[in-house]
2 protein chains.
Amino acid sequence: MDSSNVTPGLQEYLTSIYRLKKSGKKEIRIRDLAKERNVRLPSVTGAMKKLAKMNLVRYNRYGSVDLTEDGERIAEVLDRIERDFYLFLVDFLGVPEEKAREEACRVEHGINMDTAKRLVALMDYLSKCLPEEERRKIKEYIERRIEESQCNS
Amino acid sequence: MDSSNVTPGLQEYLTSIYRLKKSGKKEIRIRDLAKERNVRLPSVTGAMKKLAKMNLVRYNRYGSVDLTEDGERIAEVLDRIERDFYLFLVDFLGVPEEKAREEACRVEHGINMDTAKRLVALMDYLSKCLPEEERRKIKEYIERRIEESQCNS
DNA sequence: TCCACACGTTAGATAATCCTAACTTTCTAA
DNA sequence: TTAGAAAGTTAGGATTATCTAACGTGTGGA
């Protein structure tokens, strides 16, 4: 079972569970996921049924929800991709945090682990092998270009 | 009418029409779009009806298809975003072309024009302000990191 | 104890996107 | 000029993911 068999919608539920766990919540309930994903309760119930059938979550009627080992493995990868892309957007491209969060979330299901690793490698290189001075120049250059393009439209 | 009102599926039809036009095709038919998008004819018919209702394409039963001004404007933006992201993946991250094409296509609907512009600005900076030597190092660094990570898994 | 209310589920609807099967229109070549 | 092939449409159905409305569950406080 790898993440490509799981539809984007279900992937989002996996990462939501993963993050709630990481944030220290001991018991994750349908209600928590509904709030996290901004959907209604029945949508969550339906998704959990499907994920349980795929053995990616443990779930009992009227009970709590948890990731199986397979589910955790997939969620970890998806979470990592989204975080990497988010950092790239914010740290290197200067996209405002709020917008970057949304975009990283939408992009999470479109790029794969190999690409994410390449992105992280690029960021590492720019961070480690370029002097701080140079990184500042990059960011200034980007902002200048954005301002210019706004004048033209 | 801006692209955010148009569903991802319909956006894909717009960019397909746009590219066929740019490639020099004088008359675009339902069949051409079906081949381009790898879907069956009825899917295209349905999409064209919706796009025609939104005034983004001109379309007559059993006839040919063309973009309206509004449709062209949206398609242009989407096409630009996808191309920019594709070039970034291939030129800077070294993602294989085939994979990059798919990913750029999926990401096209997730990132917005401002982010795409920032990406292009970053690429321009790296191209213009770094010596060729340095760019080669970046690419080597990325490849090395990818190889390392493959050993660890 | 017991019931109110928050939590959860089921049933049924809607929307987007795709499909197949069957039909209609248009084009082309003998 | 006409019949068959190619192109296009319509009808109807599947899937994914969402919603609302109505019904079931379970538990903490009076």
Side-chain angles (χ1 to χ4, degrees), chain A residues 1-17 20 25-54 56-66 71 74-75 78 102 105-110, chain B residues 1-17 20 25-54 56-66 71 74-75 78 102 105-110:
Chain A
M1 173 65 73
D2 100 344
S3 68
S4 54
N5 303 318
V6 186
T7 60
L10 295 180
Q11 287 179 8
E12 301 249 27
Y13 286 101
L14 291 179
T15 48
S16 292
I17 298 169
L20 286 170
K25 221 171 191 5
K26 60 232 163 283
E27 224 206 12
I28 296 165
R29 316 231 76 213
I30 298 295
R31 167 111 296 186
D32 304 321
L33 291 169
K35 193 190 264 180
E36 180 81 5
R37 295 254 1 245
N38 249 299
V39 296
R40 304 297 181 147
L41 296 172
S43 307
V44 181
T45 303
M48 292 311 107
K49 280 182 177 173
K50 286 179 197 161
L51 289 170
K53 201 173 286 176
M54 298 174 180
L56 299 176
V57 304
R58 269 180 292 277
Y59 157 68
N60 299 298
R61 272 169 106 246
Y62 296 107
S64 61
V65 169
D66 199 4
I74 292 174
L78 294 170
E102 286 170 31
C105 182
R106 287 198 298 268
V107 165
E108 172 189 349
H109 312 293
Chain B
M1 174 63 73
D2 101 343
S3 68
S4 53
N5 303 319
V6 186
T7 60
L10 294 180
Q11 286 180 8
E12 299 251 27
Y13 285 101
L14 290 178
T15 49
S16 292
I17 298 169
L20 286 170
K25 221 172 194 1
K26 59 233 163 283
E27 224 206 13
I28 295 165
R29 315 233 76 212
I30 297 293
R31 166 112 298 186
D32 303 321
L33 291 169
K35 192 190 266 180
E36 182 81 5
R37 296 253 2 246
N38 250 298
V39 296
R40 303 298 180 145
L41 297 172
S43 308
V44 181
T45 303
M48 291 311 107
K49 281 182 177 173
K50 287 180 197 159
L51 289 170
K53 201 173 287 176
M54 299 174 180
L56 298 177
V57 305
R58 270 180 291 275
Y59 157 69
N60 298 298
R61 272 169 105 245
Y62 297 106
S64 60
V65 168
D66 199 2
I74 292 173
L78 293 170
E102 286 170 31
C105 183
R106 288 197 298 266
V107 165
E108 171 188 350
H109 312 293

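Computation of the quantities below employed the complete heavy-atom set of this structure, encompassing side-chain atoms and omitting hydrogens, waters and symmetry-equivalent molecules. Each chain gets a letter, A, B and so on, in the order the sequences are listed, and its residues count up from 1.
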Hey, does the side chain of [X] come within less than 4.0 Å of [N]'s phosphate (OP1/OP2), counting only N and O?
| X | N | result |
| --- | --- | --- |
| B:R40 | C:dT20 | yes |
| B:R29 | C:dT26 | no |
| B:R61 | D:dT10 | yes |
| A:Y59 | C:dT9 | yes |
| A:Y13 | D:dT18 | yes |
| A:T45 | C:dT9 | yes |
| A:S43 | D:dC19 | yes |
| A:T7 | D:dT15 | no |

> Pick the nucleotide of DNA chain C nearest each of A:D32 and B:A47; which residue has the one closer to the 5' end?
Replying inline: A:D32
> Considering only D:dA7, C:dA16, C:dC18, which nucleotide approaches the side chain of B:R37 most closely?
Replying inline: C:dC18
>> Quick check for you: among D:dG8, C:dT9, C:dT20, whose closest atom lies nearest to any side-chain atom of B:P42?
In response: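 For the B:P42 side chain, the nearest candidate turns out to be C:dT20.
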Taking the side chain as everything from C-beta on, heavy atoms only, tell me whether [X] gets closer than 4.5 Å to [Y].
| X | Y | result |
| --- | --- | --- |
| B:I17 | B:M48 | yes |
| A:Y13 | A:V39 | yes |
| A:L14 | A:V57 | yes |

> Which part of the nucleic acid does A:K49 contact within heavy-atom distance under 4.0 Å: base, sugar-phosphate only, or nothing?
Replying inline: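 It contacts sugar-phosphate atoms only.
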> So what does A:L41 hit on the nucleic acid, given a heavy-atom distance under 4.0 Å: a base, only sugar-phosphate, or nothing?
Replying inline: base
> Where each residue is assigned the nucleotide of DNA chain D containing its nearest heavy atom, which of A:Y62 and A:G9 is assigned the position nearer the 5′ end?
Replying inline: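 Going by which nucleotide is closer to the 5' end, it is A:G9.
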> Does B:G63 or A:N38 map to a spot on DNA chain D nearer the 5' end, using the closest nucleotide for each?
Replying inline: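 It is B:G63 whose nearest nucleotide is closer to the 5' end.
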> Can you check the B:K35 NZ to D:dG8 C1' distance for me, whole Å?
Replying inline: 16 Å
> Roughly how far apart are B:E12 CD and B:R106 CZ, rounded to 0.5 Å?
Replying inline: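 Rounded to the nearest 0.5 Å, the CD-CZ separation comes to 11.0 Å.
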> Looking at B:D66, B:I30, B:L51, which one forms a side chain to side chain contact (heavy atoms under 4.5 Å, CB included) with B:Y59?
Replying inline: B:I30
